[in-house]
Every structure is written in C-alpha cells, then in structure tokens.
Amino acid sequence: MVETDPRAVIARREVRSLVSEKTIVLALVIQLFIAGFSSFLVVGLVSLYSPGDGPSASVDAAVAGDDVGNLQAALAQTPGVDVRRYDSPDDARLDFQTSAVDTALLVEAADRGRVRATVLAPDSNIKTTVVVTQVRRALRSYEATERAERADSLERVTLTAPPDAGGNTYFGFTYTVLVPLLLFLPVFLAGSITVDSLTEELDRGTMELLRVAPVTATEIVEGKLLSVAAITPAQALAWMFLLRLNGTTVRNVPSLLGVVVGATLLVVVGSAVLATAVPDRRIAQTLYSLGALGLFGLAGLTPLSPPNAVARLAVGSPSSTAYVSVGLAVVVGFVCLAVVRRTVDWERLLVR
C-alpha cells in the first residue's frame with residue numbers, strides 16, 4: 001500500500017524514533033509507575049503532606065501542670081495520641097528527656113486568668129513533624145474549649161467557628177494533585193520533544209536534504225507535530241485507565257481529553273516556533289521550560305485555572321467555569337494551530 005500523505009509518513013517515523021529515545025521511554029515508565037501504583041504513592045505523599053493523616057502516626061504525650069483536665073481531654077480526642085497525666089511537670093520533662101514519651105505539654109496558670117502551655121518536642125527527626133501536627137490539632141481543640149468556658153468573662157464577643165467539615169485527605173490529594181499531574185505532564189513532555197526534534201534537525205543540517213526530498217519543510221513540521229499531538233492524549237487516556245484499575249474513578253473523560261488536546265496543540269505549536277527562532281537546543285529548552293511553567297502558573301492564578309478544572313471534572317462535580325476552561329483550551333489550541341499554518345513560512349525558516 002502506497003502512503004499518499006507525507007505527513008503521515010513523517011509522523012510514523014517520529015513515533016518510531018521516540019520509542020528508541022531512552023529519555024522519553026524513562027519518562028513514560030515513571031508516569032506508568034505513578035499511575036499504576038497511585039494508591040501507594042498517595043499514602044506516602046499524604047504522610048509527608050499531612051503526617052497526622054498517616055496510617056501509622058502515633059504519639060505518646062505527657063501532660064502535667066495546673067488544671068490540665070481540658071488539655072488532657074483534647075489530647076485524648078485527637079486520633080493517634082496516647083496521653084499520660086503526670087502529677088509533676090518535672091516528672092513529665094524527665095520522661096521526655098529519656099524518650100519514654102514523644103512529647104510533653106506543661107501547663108502553667110498565668111496572670112489575668114491566662115494559661116501558658118509549653119510543648120516539648122523532639123528535634124531534627126521525622127517524629128518531630130508527626131508530634132507537631134498532632135499537638136497542634138489538640139491545642140486548637142483545647143483553645144476552643146477554654147474560649148467557650150470563659151466566654152462570659154470576655155469583654156468582646158467570640159465568633160463561633162464553623163463546624164469541621166471533615167473530608168478525606170487521600171481523596172483531595174488524588175484529585176487535586178495526582179490526576180492533574182498525570183494529565184499535564186505529558187503535555188509538557190510534548191513541547192520538550194518538539195523542541196528537541198526540530199533543533200536536532202537544524203543542528204545536524206538535515207533540513208538541507210529537503211531540497212532533494214519529495215517532501216516540504218511544512219509537511220515535515222506538521223508530521224512531527226502530528227506524531228506528538230497524537231501520542232499525548234493517548235498517554236493521558238492510558239493514565240486514566242490505569243488509575244481506574246487502581247481504584248481511582250476518573251469522570252468526564254472526554255472533557256479531560258479535550259483539555260489535554262487543546263493544551264497539547266498550544267504547547268507544540270509554540271515549541272515549534274520557538275525551536276525555529278532559537279535553533280540552539282539548550283537555550284531553546286531553557287526558554288521553553290521557563291515559558292511553559294510561567295504560562296501554566298499564570299493560568300493557574302485565573303478563575304479558569306486548568307488544574308482546578310481538571311480536578312473538578314475528574315471528581316465528577318464540574319462547574320460551568322470548568323466547561324468554559326475546556327472549551328477555551330480547545331479553541332485556543334486549534335486557533336493557534338490555524339494561525340501558525342497560515343502565517344509561518346517553514347520553508348524559509350528551516351531550509352536556509
């Protein structure tokens with residue numbers, strides 16, 4: 001069968017070339033690992049992000065001092081905290097110094113009815129983070145109790161804090177961090193691949209061969225862009241499938257793919273223009289990385305934040321703003337592609 005479209009031939013050649021690139025394969029393996037073992041990674045990352053929510057976080061706390069009943073109750077109600085009450089602050093301090101307990105909370109009555117609490121915590125180890133997180137949570141509860149009991153003696157009215165809505169840290173981390181990461185990381189890689197591919201052609205001088213080849217520079221560039229633009233949504237779809245196999249349901253898949261397609265077109269077209277304007281590979285890659293991260297950061301600060309839209313779509317509670325983000329990404333991507341096809345003379349830029 002004779003291939004009639006040179007761009008398809010170029011695209012297939014680019015795909016075969018990408019498969020042989022060890023860096024690209026390694027990047028795909030890393031993403032595959034993240035998607036395939038997302039549950040384990042989420043548990044580990046959440047343990048770093050919020051140690052108190054970790055499955056094995058446990059703190060032995062000593063409490064001593066003046067009127068420690070409310071503080072002891074607050075510590076006892078904190079998940080993962082085992083509290084011991086001491087008659088003497090010195091005994092609690094001694095047990096902390098001998099590592100018999102993980103932390104010690106010493107309460108002292110101050111003037112004007114105030115209470116001063118001193119917290120002893122281990123220094124410079126991973127246990128410190130766990131202890132600080134758990135103790136901070138208990139102290140907040142203790143403060144709320146004290147404020148409620150002393151409300152009558154306050155000169156100013158204390159506002160009632162809103163009830164704790166609870167929530168699952170793993171759920172939030174998965175949909176607000178992991179899913180956007182797996183969808184946008186292939187987009188960034190697509191732009192980097194485009195820069196590499198074109199700057200290599202220019203650096204090696206292979207574009208000069210176009211003068212005798214039966215293809216034009218425009219067809220070569222479009223073939224390269226076609227290969228990258230086809231691979232990226234396929235990666236995103238594969239990651240979402242793996243997440244589903246791993247127990248993470250991702251909803252609104254067509255809309256998510258629309259965001260990926262639009263962002264990919266925008267990135268690869270911009271990368272192609274950048275690579276021809278700055279043929280030095282290192283400079284082009286640096287400019288691309290800074291530009292892509294800056295653009296992504298600025299977009300994240302707007303009401304149409306792409307990561308926020310992806311998270312809301314994936315979790316199944318999209319707002320109208322999320323759909324506007326999808327539509328805008330698709331429109332901007334295709335408009336940029338159309339504008340570049342009409343205005344950029346690849347023959348002049350690449351064949352010198």
Side-chain angles (χ1 to χ4, degrees), residues 39-177 315:
S39 296
F40 299 101
L41 291 174
V42 166
V43 171
L45 292 173
V46 167
S47 297
L48 295 175
Y49 169 71
S50 181
D53 294 319
S56 60
S58 177
V59 173
D60 293 326
V63 59
D66 303 325
D67 191 18
V68 295
N70 288 338
L71 180 57
Q72 183 179 3
L75 287 167
Q77 294 173 0
T78 304
V81 176
D82 296 325
V83 58
R84 305 178 195 174
R85 182 168 181 170
Y86 287 71
D87 295 331
S88 168
D90 292 336
D91 292 340
R93 186 179 287 105
L94 179 61
D95 271 8
F96 171 74
Q97 291 172 347
T98 58
S99 300
V101 294
D102 299 313
T103 182
L105 291 87
L106 311 178
V107 180
E108 179 183 1
D111 57 342
R112 302 177 60 185
R114 296 179 179 177
V115 175
R116 179 182 296 112
T118 302
V119 180
L120 305 181
D123 185 25
S124 301
N125 61 43
I126 189 68
K127 191 73 174 180
T128 303
T129 307
V130 178
V131 168
V132 170
T133 303
Q134 300 294 74
V135 169
R136 183 173 56 188
R137 182 181 301 177
L139 286 176
R140 286 174 178 169
S141 176
Y142 174 57
E143 181 184 10
T145 302
E146 290 292 325
R147 285 181 178 275
E149 291 184 353
R150 304 180 184 211
D152 295 338
S153 61
L154 296 177
E155 297 177 355
R156 299 178 180 177
V157 178
T158 304
L159 297 177
T160 304
D164 187 3
N168 188 314
T169 306
Y170 300 106
F171 182 86
F173 189 87
T174 298
Y175 287 99
T176 60
V177 177
V315 81

Residues that Arg140 engages under side chain to side chain contact (heavy atoms under 4.5 Å, CB included), provided they are two or more places apart: Arg136
Would you sort out whether Val59 and Asp82 count as a side chain to side chain contact (heavy atoms under 4.5 Å, CB included), showing the intermediate values? CA-CA 6 Å; Val59 173; Asp82 296 325; over 6 Å; no
Once rounded to the nearest 0.5 Å, what's the spacing between atom OG1 of Thr145 and atom CD of Glu143? 10.0 Å
Over all atoms of both residues, closest heavy-atom pair of Pro89 and Asp87: CD-O, 4.2 Å
Could I get the full list of side chain to side chain donor-acceptor pair (under 3.5 Å) partners for Gln72, not counting sequence neighbours? Arg85
Taken in chain and number order and not counting sequence neighbours, the residues that satisfy side chain to side chain donor-acceptor pair (under 3.5 Å) with Gln97 are none
Shortest non-hydrogen separation from Gln77 to Ser141 and the atoms involved: OE1-OG, 4.4 Å
Checking Ala62 now: which residues fulfil side chain to side chain contact (heavy atoms under 4.5 Å, CB included) with it, not counting sequence neighbours? Tyr86, Ala92, Val101, Ala104
Give me the atom names and distance for the closest heavy-atom approach of Phe96 to Thr103. CD1-CA, 3.9 Å
Over all heavy atoms of both residues, which pair between Ala61 and Leu105 is shortest? Give the atoms and the distance, please. CB-CD1, 4.2 Å
Residues forming a salt bridge (Lys or Arg N to Asp or Glu O under 4.0 Å) with Asp90, sequence neighbours excluded: Arg93
Sequence neighbours excluded, the answer for side chain to side chain donor-acceptor pair (under 3.5 Å) partners of Asn70 is Glu146, Glu149
Nearest 0.5 angstrom please: Leu75 CG to Arg137 CZ, how far? 12.0 Å
Check side chain to side chain contact (heavy atoms under 4.5 Å, CB included) between Ser99 and all other residues, then give those that pass, not counting sequence neighbours. none
Please confirm whether the backbone N or O of Asp60 pairs with a side-chain atom of Asp102, one donor and one acceptor, at under 3.5 Å? yes
Candidate pair Leu139 and Leu71, rule side chain to side chain contact (heavy atoms under 4.5 Å, CB included), full reasoning: CA-CA 7 Å; Leu139 286 176; Leu71 180 57; 4.0 Å; yes
Side chain to side chain contact (heavy atoms under 4.5 Å, CB included) partners of Ala73, counting only residues at least two apart: none
